[in-house]
Undergrad: 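This is the structure I have questions about; it appears just below.
All figures in this text were calculated on a predicted structure; none of them were measured in a lab.
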Amino acid sequence: MRQDEPFPMEAVPSRVKNAILSRFKGRWPSVQEVAQISDKDWLASPGVGKIILSQIRKITDSPKQRYNPNQHWLTDAELLARLEFLQKELRWIRRALRAMISKTGRTRSEFPERNWHGDDEMM
């Protein structure tokens, strides 16, 4: 498995997947990013013990694996849950930005408008 590939969440139990997503604040990391975290730091992460750490290391330390097109990836429900989590996080970031902007006394007209997704009301 190449180090720049996304970490194969489908290959680990949900507890491991949740620990990794929590560590990376909901972002799906690469194998290299997961491998770069020391064992000490992993064990200090909530929900990560020796068993979960060993499951993570089986993947990050494993020799190259071949792509299997029949391998299970994320289900529609898992993708939808991930999308909902990311949308919730995006709304939180937008609220935080609005609060920061209002504290500086600036108005929206002072910032260039970038509405790539048609969601003016969000910002």
Undergrad: Please examine the side chains of Trp28 and Leu86, heavy atoms only from C-beta on, and report whether any two atoms are closer than 4.5 Å.
TA: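 Answer no - side chains too far apart.
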Undergrad: Might you point out which heavy atoms bring Lys25 and Glu89 nearest each other, and give the distance in Å?
TA: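 Minimum heavy-atom separation between Lys25 and Glu89: O-OE2, 3.3 Å.
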Undergrad: Is there side-chain contact between Glu5 and Ser30, with at least one heavy-atom pair below 4.5 Å?
TA: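 Glu5 vs Ser30: side chains apart.
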Undergrad: How long is the straight-line distance from CZ of Phe85 back to CZ of Arg27, given to the nearest 0.5 Å?
TA: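 Atom-to-atom, Arg27:CZ and Phe85:CZ are 12.0 Å apart.
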Undergrad: When hydrophobic residues are tied together by side-chain contacts of less than 4.5 Å, even through go-betweens, does Val12 share a cluster with Leu43?
TA: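 Yes, it is one cluster - the side chains of Val12 and Leu43 are joined through contacts under 4.5 Å.
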Undergrad: Measure the CZ-CZ distance between Arg95 and Arg91 for me, rounded to the nearest 0.5 Å.
TA: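 Reported value, rounded in 0.5 Å steps: 7.5 Å.
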Undergrad: State whether the side chain of Asn18 and the backbone N or O of Ser14 hold a donor-acceptor pair below 3.5 Å, judged by distance alone.
TA: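 Yes, the answer is positive, given that a donor and an acceptor are paired below the 3.5 Å cut-off.
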Undergrad: Do Trp92 and Leu97 pass the side chain to side chain contact (heavy atoms under 4.5 Å, CB included) test, and can you show the C-alpha distance, the side-chain angles, and the key distance before you say yes or no?
TA: CA-CA 9 Å; Trp92 179 86; Leu97 285 173; over 6 Å; no
Undergrad: For Ser45, check side-chain contact (heavy atoms from CB on, under 4.5 Å) against everything at least two apart and list the hits.
TA: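 Checked Ser45 against side-chain contact (heavy atoms from CB on, under 4.5 Å); matches are Arg23, Trp42, Val48.
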Undergrad: Taking C-beta and beyond as the side chain, do Asp39 and Arg57 meet within less than 4.5 Å on heavy atoms?
TA: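 Sidechains of Arg57 and Asp39: in contact.
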Undergrad: So how far is it from Glu33 CD to Phe7 CZ, rounded to the nearest 0.5 Å?
TA: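 Reported value, rounded in 0.5 Å steps: 11.5 Å.
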Undergrad: Does any non-hydrogen side-chain atom of Pro8 lie less than 4.5 Å from one of Val31?
TA: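 Sidechains of Pro8 and Val31: in contact.
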Undergrad: Let me confirm one number: the CZ-CD1 distance from Arg15 to Ile20, rounded to the nearest 0.5 Å.
TA: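 If I round to the nearest 0.5 Å, the distance is 12.5 Å.
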Undergrad: Could you walk me through whether Arg94 and Arg98 pass the side chain to side chain contact (heavy atoms under 4.5 Å, CB included) test, one step at a time?
TA: CA-CA 6 Å; Arg94 286 181 172 161; Arg98 267 190 256 132; 4.2 Å; yes
Undergrad: Enter the distance from Leu83:CG to Gln87:CD here, rounded to the nearest 0.5 Å.
TA: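 Between Leu83 CG and Gln87 CD, I get 4.0 Å after rounding to 0.5 Å.
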Undergrad: Working to the nearest 0.5 angstrom, can you tell me the gap between Leu53 CG and Asp41 CG?
TA: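 Between atom CG of Leu53 and atom CG of Asp41 there are 11.0 Å.
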